[in-house]
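Structure first, commentary second.
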Amino acid sequence: MGYRRRDTGTRLALWMLVALGDVVLLLVSAGLSAPVAILGVLTLTLAGVAAWRWTRRTAVPVAATARRRA
């Protein structure tokens with residue numbers, strides 16, 4: 001009755017965007033060019049997300065009907 005479907009999609013939180021922007025600003029202030037800093041942070045972020053998704057892929061999903069019966 002009171003069951004609501006949860007939104008389980010991945011989201012990039014606002015604090016994560018702020019943290020990534022801070023890292024870019026720190027790299028630029030250290031003397032790295034802005035495009036190189038952005039590309040480096042973007043590459044590391046995508047690699048981290050890919051590794052996270054790869055480790056979660058091994059879990060076996062539970063059927064929706066089994067969840068409803070419980």
Donor-acceptor pairs under 3.5 Å, side chain of residues 13-27 to any protein atom, not counting sequence neighbours: which ones?
none

Atom of Ala37, atom of Val28 and distance for their closest heavy-atom approach: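 Taking every non-hydrogen atom into account, CB-CG2, 4.1 Å.
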ILVMFWY network linking Val41 to Leu32, side-chain heavy atoms under 4.5 angstrom: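 Shared cluster, yes.
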